[in-house]
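Reviewing the structure listed below.
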There are 2 protein chains.
Amino acid sequence: MGELRRTSLDRQVELTDAALHIIATKGIAALSTRSLAAQVGLSSGAIFRHFASLEALLDAVVARVEAVLASTYPPSTLPPVERLERFVEARSTAVGKQLGILRLVLSEQFLLALPQRGSARLAACVQQTRAFVLACVREGQDAGALRSDLPAETLVPIVMGTVQVLALSPSKPRQRDAEARAVLGSLLALLRSPAVAPTSSRKSSP
Amino acid sequence: MGELRRTSLDRQVELTDAALHIIATKGIAALSTRSLAAQVGLSSGAIFRHFASLEALLDAVVARVEAVLASTYPPSTLPPVERLERFVEARSTAVGKQLGILRLVLSEQFLLALPQRGSARLAACVQQTRAFVLACVREGQDAGALRSDLPAETLVPIVMGTVQVLALSPSKPRQRDAEARAVLGSLLALLRSPAVAPTSSRKSSP
DNA sequence: TGCAAGCAAGTAAGTGCTTACTCTCCGGCG
DNA sequence: CGCCGGAGAGTAAGCACTTACTTGCTTGCA
């Protein structure tokens, strides 16, 4: 075996990656010091040279997830509808492809298995996402790009749910991307202001 | 070892209920023979008088969940849109209230922690749900009640996602019901044919 | 009275984590 | 240059504990 010695920092990255992989493929219940050690080709004791505890390792996993999620927010300079579009696409395809994380992160089971502050941090991510979507929808409505006869707060769960389903989709990346784009197209078509104004409309901007 | 010993049916029901409760409130990682025994006031050994193994107990839990899910399908005699409405409401509120199951059942972590045939059975439930929603949407479109300028297959994930988000909502039952109804209203409003026909339409039925 | 239903105590295997030790690299110094 | 000593990444073994499950023995009820 290539028993290269590595620096602690390298190993920390390697270990969080491996932990994420185990969690994604076998569930968090399958993550143990021994299974993790086997995955990276170390003895279980060596793990504690690089992390003070399994809990500390899970903290690192959470941090990694936070970073991935944060990277899916498009620049806030984009017009709201396009911002929303880019966001949904990024979350549902890029993230799902890059790492198979989201499906697990969003699950309650994962939160319950995490140390408290870890789950709090992830809950904050979800909250942030909700706020982002809400802002996009509100701006889109005010700009007249999205239909404004329905309250924005009720549209947010529809958008979030669609993202979740797309991210959770078990199909292969190729196919998923195509499906995701089609669904995203329909979602935006639903939300857009109809060409001909419906029976009631809050206000109209040029 | 022998198959199931002759066991008390009452205890089996009691045990699956308790297991479901633990899973729903504390996560599947918190389900152990000890915690389960404590919940029903038995010794941990007594559990095995009624179930051959924890796996067998989980099978029973899956069966219960299947039954609950099956009970949320409204009668197929209803017109498609109302059928869809009733279904979404049942799945996202009634079920969520009756038992706090859905949130966990739908999670990947739960599936991963399950014996293979259990997860296959739940996957089948999801598949059935998808087919149901697709049928409702298709019929609704053909009847002219739902907008037909968007392919039905792309609308299904949007409906399913919305149901998931509503079922997963952590808010208290009272508040959740109100929120769910509002979101459901918006969802149907989005899907309905606009009063004035949009630019393109697939076909029109009387 | 027979026996299902229960308990207390036990099993092997698995958990996170620690200990005692080895090996390898690398920088300072004669 | 050579070589020596310390730092730190690695190991095997084992701790105290929990896991699912088993085993003898005892009850309470039909």
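The figures here come from the full heavy-atom set of this structure, side chains too, leaving out hydrogens, waters and symmetry mates. This is a predicted model, so every value here is computed, not measured. Sequence lines set the chain letters: A, B, ... in the order given, protein chains first and strands last, and positions in each chain run from 1.
Considering only residues two or more places apart in sequence or on other chains, A:F48 meets the ring pair (Phe, Tyr, Trp, His ring centres under 6.0 Å) condition with none of them. Under the side chain to side chain contact (heavy atoms under 4.5 Å, CB included) criterion, B:V40 pairs with B:E14, B:L15, B:A18, B:L42, not counting sequence neighbours.
In this structure, B:D10 atom CG and C:dG6 atom C1' are separated by 15 Å, rounded to whole Å. Between the CD1 atom of B:I22 and the C1' atom of D:dT19 there is a distance of 15 Å, given to the nearest Å.
Judged by a 6.0 Å distance limit and a 45° cone about the ring axis, A:R11 is not positioned over the six-membered ring of A:F51.
In terms of phosphate contacts, B:R11 brings no side-chain nitrogen or oxygen within less than 4.0 Å of OP1 or OP2 of C:dA4.
Heavy atoms of B:A46 sit under 4.0 angstrom from primed sugar atoms or phosphate atoms, though from no base atom. If you check every strand for non-hydrogen atoms under 4.0 Å, A:L31 touches sugar and phosphate atoms only.
Heavy-atom distances to DNA chain C give each of A:G45 and B:S44 a nearest nucleotide, and the one nearer the 5′ end belongs to B:S44.
Screening residues 36-63 of chain A for salt bridge (charged side-chain N to carboxylate O under 4.0 Å, His left out), with sequence neighbours left out, gives A:E55-A:R117, A:D59-A:R117. Sorted by first and then second residue, the side-chain hydrogen bond (donor to acceptor under 3.5 Å, both in side chains) pairs with a member in residues 36-47 of chain B read B:H21-B:Q39; sequence neighbours excluded.
Residues of residues 47-56 of chain A that place a heavy atom closer than 4.0 Å to DNA chain C, in numerical order, are A:F48, A:R49, A:S53, A:L54. Within residues 32-43 of chain A, the residues having any heavy atom under 4.0 Å from DNA chain C are, by residue number, A:S32, A:T33, A:R34.
Side-chain atoms of A:E85 never come within 3.5 Å of backbone atoms of A:P80 as a donor-acceptor pair (strictly under, hydrogens ignored). Of the possible polar contacts, none joining the B:S92 side chain to the B:L166 backbone as a donor-acceptor pair under 3.5 Å is found.
Atom CG in A:L184 sits 11.5 Å away from atom CZ in A:F87 (nearest 0.5 Å).
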